[in-house]
S.K.: 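Here it is, the structure in full.
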Amino acid sequence: MNKVMSNKLMITLYIFPALFLIAVLIIVPLILTGYYGLMDWNGIGSMTFIGMENYINAIQDGAFWDSAWHSLLLALFSTLSLVIYLAVSMILASKIKGADLLRKIYLIPMLLSSVAIAQLWIKVYNPANGILNTILRGIGIENPPSWLANPDVVLYAIFIPILWQYAGFYILIYYAALKNIPESLIESAKIDGANPLQIAYKIKLPLIMGVVKVTIVLAIVGSLKYFDLIYVMTGGGPSGSSEVMASYMYDLAFSTNNFGYGSAIGFLLLIITLVVTVIIRRLTASKEDIQY
Amino acid sequence: MKKMKAFTFLAAGCATAMVMTGCNSESSGSGDGGGDGEQKTIEFMHLWPEGSSKDHYDIVNDIIADYEEQNPDTKVELEVLSNEQYKEKLQVTSTSGELPDVGMTWPGGFLEPYVDGEMFAPLDDVLDEDGLRDSYVAGTTEAYEMGGSTYGLPLELNVAQVFYNSAIFDEYNLEEPETYEELEEIVSTLQENDVAPIALGNQDRWTGSLWYMYMADRLGEDNLLNQAINGEASFTEEPLVNAAEKTQNLAASGAFTQGFNGLSDQEAKSMFMSEQAAMYLIATWDLPNYTTDESVSQDFRDAVDYFDFPTVEGKGNQNSYVGGPGVGLFVSEESDVKEESKDFVKYFSEEWGEKSVSDAGVIPATKVNTDNVELPDMYLEVLDDLNNADNLTLFADVQMSPDVAETHLTAIQSLFGEEITPEEFAEMHDEAIEEDE
């Protein structure tokens, strides 16, 4: 075995298929997107080279920064909600009755396609006969808001299904990590007189810190490039108040046939996501993983 | 064991998800390929799959079968895709120079990049042959015109009309309005009786645009709206600002369904069709819902009627319509069988008119003699309206270039939501049009 692994040819042979696919499907299109960003191109006719104009326009484009702000807000809320997911998983992992069933119930939204979730929540939010406003009227609120029509609330109204959609995913990850903690550690802590809060905070959390860091990166990167639910539920409207970076890029490229500018936005989205990821990795980096 | 359970659970979920997402796969078989050296093959791509538009699909096949019978040397090979996939494929094949010989295009802004890239062939010679041009309803072929040449033969035509539920109107002794002021009366009567007056799903934005377009068409009288869109006049001219203001006031008065900016057109339609709203401004592509569609209750279909958009402040002409041709046929500039393709599209357009209206309920872009066809009354009325139309103002988002259209649509949503003033609305348009030129 060692012989095989030290053979350069063998290493190349084993690595090549995956590397080739990644290069062709991801790296090359990435470079091409950056390149199209330098062009004035409607996606159909011929391209004209215009240098950095698209990128400069994008940086001065208020609508782009609005959408970027919305994406960052989503990232912030997704990260904060991780605390709730963590709490839920800790409860589930602590041998309560029906934990198994509950875990499966939490997982259901993850099994639905985004479009189905969007359709479901459009019905929930329907201002006239949606379930939410019906309940609100039932408890005596005269004029419940039109959730998806009011520019002040629409963004938050969409965040809720997005967070709901991914809850099961993170709960599953945390649950698996928590289950890996040796029972003996918790037993001995109990003997030493630690209360459940202390066990959670001082023992469980540090032990799964590595997993928590990964989920933070996943949540933030996922939020920054989030697209599908928003596109189906509001299309970024009304008047751009629920536009995020990815939906703005889509609108530019496909609704206004401005592929050059759309590509530039797409490339900026990549850069922003990369920068944020690096920052997060730095912030959460610690010298060594804790082990007991 | 526990693992096993979780696994089956997951698998069942995945299967459900796959069923939900995977139901749009369409097969598009295209008969037997091949043929001897003499035979010419026209590739024809259209967007009416058998599954979702069976009537259209059958008519196309009929016409092709007749054509092949009359022209034994020519074979038409079909490729059928549904709407969005069609648009995508058209775009991809255009960049790789593999456009089908004949296909379908939309007018106005959609056409522009293809014409700029010299991918579609001008069809004026076809239109001038045998007076084909005169058989079209005024304003339809013009929508496919660019730089003096026509690049598409329109097949469908849709004009927007205000549909209303006559059962609700009768209940409150209301009558079809002829002036906008009468319409305002109707709205307030309905509001007093807690009936939602007008269904509107403005999340789609073009729906609200219809209201503005009609208002501007009436108030702008002599084509001011079209001039403004072409950049020859300003949107800040008084009649057009007034139109925006009137539209905004109508929205502010609560005439439209609550939360209209967050509702899709589909939701608004279902409100109208479940008799929760009295009126609904939509184009004639919805006619089957109100006439022939058996899945809609007979009572409702009997109750629905329509009126032409009223005059506003005594201005405008009720015989002027906001509308636009839907898809039309194009011939690829690069085609190896261009002459045959032109001959085919001509034949197709001639055959399409009567067949489409009687078999599929499509209002064709060609004039139809209403004496010859058996149709529900509402169809006959619409066809008569079109035969007598004085003017056709194209849908804004069809007429404008994609950039301007996007600005227009966003501005419409903001105007309805009272986030901008009518003056700002006008300025946004002027700026976008100026920038575009």
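Heavy-atom basis, side chains included; hydrogens, waters and symmetry copies ignored. Each chain gets a letter, A, B and so on, in the order the sequences are listed, and its residues count up from 1.
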S.K.: With a 4.5 angstrom heavy-atom cut-off, is it the side chain or the backbone of A:I122 that approaches chain B, or both, or neither?
M.R.: both
S.K.: Any chance the rings of B:F416 and B:Y212 have centres within less than 6.0 Å?
M.R.: no
S.K.: Would you tell me whether A:N133 and A:W147 have side-chain atoms, one donor and one acceptor, within less than 3.5 Å of each other?
M.R.: yes
S.K.: Is there a donor in the side chain of A:Y174 and an acceptor in the side chain of A:T215, or the other way round, less than 3.5 Å apart?
M.R.: yes
S.K.: Considering only heavy atoms, which portion of A:N150 lies under 4.5 Å from any heavy atom of chain B: side chain, backbone, both, or neither?
M.R.: neither
S.K.: Taking the six-membered ring for Trp, are B:F120 and B:Y114 closer than 6.0 Å centroid to centroid?
M.R.: yes
S.K.: Heavy-atom cut-off 4.5 Å, strictly under: side chain, backbone, both or neither for B:Q276 against chain A?
M.R.: side chain
S.K.: Do we see a donor-acceptor contact under 3.5 Å between the side chains of B:T407 and B:H429?
M.R.: no
S.K.: Looking at A:W41 versus A:Y36, is the centre-to-centre ring distance below 6.0 Å?
M.R.: yes
S.K.: Less than 4.5 Å to any heavy atom of chain B: does that hold for the side chain of A:M233, its backbone, both, or neither?
M.R.: backbone
S.K.: Less than 4.5 Å to any heavy atom of chain B: does that hold for the side chain of A:N42, its backbone, both, or neither?
M.R.: both
S.K.: Is a side-chain donor or acceptor of B:E406 paired with a backbone partner of B:D403 at a separation under 3.5 angstrom?
M.R.: no
S.K.: Heavy-atom pairs under 4.5 Å with chain A: which of B:D116, B:L409, B:L263 has the most?
M.R.: B:L263
S.K.: Please flag which part of A:F259 lies under 4.5 Å from any non-hydrogen atom of chain B: side chain, backbone, both or neither.
M.R.: side chain
S.K.: Heavy-atom pairs under 4.5 Å with chain B - which of A:A128, A:S242, A:P151, A:G240 has more of them than the others?
M.R.: A:P151
S.K.: Do B:Q266 and B:S264 have a side chain donor and acceptor closer than 3.5 Å?
M.R.: no
S.K.: Could you look at B:E419 and say if it's the side chain, the backbone, both or neither that has a heavy atom under 4.5 Å from chain A?
M.R.: side chain
S.K.: Measuring heavy-atom distances to chain A, does B:E267 have an atom under 4.5 Å in its side chain, in its backbone, in both, or in neither?
M.R.: side chain
S.K.: Tell me, out of A:S146, A:P145, A:A149, who's got the most heavy-atom pairs with chain B below 4.5 Å.
M.R.: A:A149
